[in-house]
Amino acid sequence: WAYSEKKKADRTVFLVCGLLPDGGLLILNCIAKRFAVEQGPMELARLCMSARPALVAMEGHSAMILECRRQPAIPEPRQLMPRSKAKIVRAVSAIEMGNAKRLWLPEHPLPWTDDLKEEVGAFTGVDDDKDDIVDALAWACQLAQEFRGAGSGCDEPSVLTPAPERFPTMPYMGGLG
């Protein structure tokens with residue numbers, strides 16, 4: 001989950017992903033819209049009720065983490081701290097995974113897939129008008145690399161949600177170039 005407290009706020013992005021045993025990332029859902037800060041935890045709780053994630057990670061402040069802890073549907077949130085403010089530096093893991101053909105989308109387009117592909121394809125890392133989905137994807141890719149190989153040994157996604165039956169064939173999404 002990525003959000004902003006700026007006056008001209010970016011969209012809040014909720015990304016639901018699953019980690020494949022080979023380290024590939026299934027992108028199962030992407031919600032990108034503007035929410036008031038106080039709405040974020042409630043919206044995340046709704047998403048968690050349907051996706052049932054094992055892990056929720058967010059770039060944010062301690063106050064937001066505390067607010068999420070008040071929502072029983074949200075697993076204990078993991079706070080993500082950026083090592084760099086430069087978006088291009090933060091996106092390296094997503095660029096690498098995209099180039100290695102380890103990012104997967106549903107075979108049939110969903111309402112969010114075009115927006116995700118458009119933003120990822122247009123990303124330069126230099127004052128992009130829209131980069132919030134890329135930022136959330138970069139965090140998901142960093143987590144995928146961190147948890148790679150830490151699964152249960154089964155052939156199902158293991159990080160955020162084991163739902164391969166929802167999308168039996170996931171075509172390669174393409175690199176982030």
Side-chain angles (χ1 to χ4, degrees), residues 1-3 10-33 44 47-48 50-60 74-84 87-125 128 130-177:
W1 171 18
Y3 83 100
D10 294 337
R11 297 171 295 173
T12 295
V13 177
F14 300 124
L15 208 57
V16 177
C17 301
L19 180 64
L20 294 171
D22 70 354
L25 193 66
L26 302 171
I27 303 168
L28 301 170
N29 195 354
C30 178
I31 298 169
K33 61 191 275 190
L44 180 58
L47 181 61
C48 287
S50 64
R52 296 174 293 134
L55 171 70
V56 168
M58 65 181 70
E59 177 184 358
I74 302 174
E76 177 61 28
R78 177 178 179 170
Q79 187 172 12
L80 303 171
M81 301 301 288
R83 293 183 194 132
S84 171
K87 297 284 184 162
I88 191 70
V89 172
R90 292 166 60 178
V92 167
S93 59
I95 293 167
E96 290 172 348
M97 286 185 70
N99 286 334
K101 299 181 179 180
R102 291 177 41 225
L103 297 177
W104 299 88
L105 288 174
E107 180 177 25
H108 302 290
L110 294 170
W112 53 268
T113 53
D114 286 342
D115 193 28
L116 183 140
K117 288 192 276 187
E118 180 182 310
E119 185 173 312
V120 167
F123 180 74
T124 66
D128 294 289
K130 293 171 78 176
D131 60 13
D132 30 271
I133 293 174
V134 172
D135 209 21
L137 181 59
W139 280 119
C141 291
Q142 287 178 39
L143 289 167
Q145 290 173 352
E146 178 181 333
F147 286 103
R148 182 179 181 178
S152 62
C154 66
D155 289 334
E156 294 183 1
S158 59
V159 171
L160 296 181
T161 181
E165 69 281 354
R166 289 178 55 197
F167 307 108
T169 350
M170 304 265 179
Y172 162 61
M173 147 177 168
L176 298 178

Enquirer: If every non-hydrogen atom of Cys17 is compared with every non-hydrogen atom of Ala140, which pair is closest and at what distance?
Expert: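 Scanning both residues, the minimum pair turns out to be SG-CB, 4.0 Å.
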
Enquirer: Please report the closest heavy-atom contact between Ala144 and Leu19, naming both atoms and the distance.
Expert: CB-CD1, 3.6 Å

Enquirer: Looking at Val134 and Ala91, what are the two nearest heavy atoms and their distance?
Expert: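 Scanning both residues completely, I find the closest heavy atoms to be CG1-CB, 4.1 Å.
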
Enquirer: For the residue pair Glu119 and Asp132, what are the closest heavy atoms and their distance?
Expert: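 Smallest heavy-atom distance, with atoms named: OE2-N, 3.0 Å.
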
Enquirer: Can you tell me how far CD1 of Ile31 sits from CZ of Arg11, rounded to the nearest 0.5 angstrom?
Expert: 12.5 Å

Enquirer: Given Trp139 and Leu15, is the side chain to side chain contact (heavy atoms under 4.5 Å, CB included) satisfied, shown in steps?
Expert: CA-CA 10 Å; Trp139 280 119; Leu15 208 57; over 6 Å; no

Enquirer: Which distance, rounded to the nearest 0.5 Å, do you find between the CD1 of Ile27 and the CG of Leu137?
Expert: 5.0 Å

Enquirer: Quick one: does Phe123's side chain get under 4.5 Å of Asp131's, heavy atoms only?
Expert: yes

Enquirer: Would you compute the distance between atom CG of Leu105 and atom CG of Leu25 and round it to the nearest 0.5 angstrom?
Expert: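 Separation between the atoms: 10.0 Å.
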
Enquirer: Identify whether the distance between the nearest side-chain nitrogen and carboxylate oxygen of Arg90 and Asp135 falls below 4.0 Å.
Expert: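 Looking at Asp135 together with Arg90, the answer is yes, because their closest N to O distance falls below 4.0 Å.
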
Enquirer: Which value, rounded to the nearest 0.5 Å, describes the distance between Leu110 atom CG and Asn29 atom CG?
Expert: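 Rounded to the nearest 0.5 Å, the CG-CG separation comes out at 7.5 Å.
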
Enquirer: So, using salt bridge (Lys or Arg N to Asp or Glu O under 4.0 Å) as the criterion, who are the partners of Lys130 when residues are at least two apart?
Expert: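 Result, salt bridge (Lys or Arg N to Asp or Glu O under 4.0 Å) vs Lys130: Asp115.
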
Enquirer: Hey, could you give me the CE/CZ distance between Met58 and Arg78, rounded to the nearest 0.5 Å?
Expert: 12.5 Å

Enquirer: Show the nearest heavy-atom pair for residues Pro82 and Glu59, with the distance to one decimal.
Expert: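 Smallest heavy-atom distance, with atoms named: CG-OE2, 3.7 Å.
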
Enquirer: Could you tell me which non-hydrogen atom of Ala51 sits nearest to which non-hydrogen atom of Val16, and how far apart they are?
Expert: CB-CG1, 4.0 Å

Enquirer: Checking Arg102 side chain against Gly23 main chain: does a donor-acceptor pair fall under 3.5 Å?
Expert: yes

Enquirer: Who are the side chain to side chain donor-acceptor pair (under 3.5 Å) partners of Gln142, not counting sequence neighbours?
Expert: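 For Gln142, no residue satisfies side chain to side chain donor-acceptor pair (under 3.5 Å) once neighbours in sequence are set aside.
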
Enquirer: If the condition is side chain to side chain donor-acceptor pair (under 3.5 Å), which residues does Thr113 pass it with, not counting sequence neighbours?
Expert: none

Enquirer: Output all residues satisfying side-chain contact (heavy atoms from CB on, under 4.5 Å) with Val89, sequence neighbours left out; order by chain, then residue number.
Expert: Ser84, Ala86

Enquirer: When rounded to the nearest 0.5 angstrom, what distance separates CG in Leu28 from CH2 in Trp112?
Expert: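 Rounded to the nearest 0.5 Å, the CG-CH2 separation comes to 7.0 Å.
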
